[in-house]
Amino acid sequence: MLTINVALLLAVIVILRLRRRTEARSRFDEKLTVVIVLALGVLVAPTAVGHGILNFLTQLVNGLSRAGQ
């Protein structure tokens, strides 16, 4: 039986939507892309990948804030 990972499906949809030219997008199209990206973020956040991304971004921000001092 084939199972579909919803987060992977949304990631593919986001990549396909962002590949389009900016001039070809309407406001509704841009809003829909934002909603899809937010849904993807909600699905990825509680996973191990989401925690890894959060840890990486935390270290990056801490490093940048220390470099600015």
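These values consider heavy atoms only, across backbone and side chains, with no hydrogens, waters or symmetry-generated copies.
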Rounded distance (nearest 0.5 Å) linking atom CG of N62 with atom CG of L57: 11.0 Å
Cluster overlap V6 with I13, hydrophobic side-chain contacts below 4.5 Å: yes
field: same_hphob_cluster(V37, L9) at 4.5 Å side-chain heavy-atom cutoff
entry: yes
message: With clusters defined by side-chain heavy atoms of hydrophobic residues (ILVMFWY) lying less than 4.5 Å apart, directly or transitively, does V44 cluster with L54?
response: no
query: Cluster question for you: counting only ILVMFWY and a side-chain heavy-atom cut-off of under 4.5 Å, with indirect links fine, are L38 and I36 together?
result: no
- prompt: Taking a hydrophobic cluster as the set of Ile, Leu, Val, Met, Phe, Trp and Tyr residues connected by side-chain heavy atoms closer than 4.5 Å, whether directly or through intermediates, do V42 and L32 fall within one such cluster?
  reply: no
- line: For V12, the hydrophobic cluster (side chain heavy atoms closer than 4.5 Å, chained through members) also holds L16
- line: Heavy atoms of L43 and L10 approach each other most closely as CD1-CD1, 3.6 Å
message: Is any side-chain heavy atom of E30 closer than 4.5 Å to one of V34?
response: no
- prompt: Once you round to the nearest 0.5 Å, how far does CD1 of I53 lie from NE2 of H51?
  reply: 11.0 Å
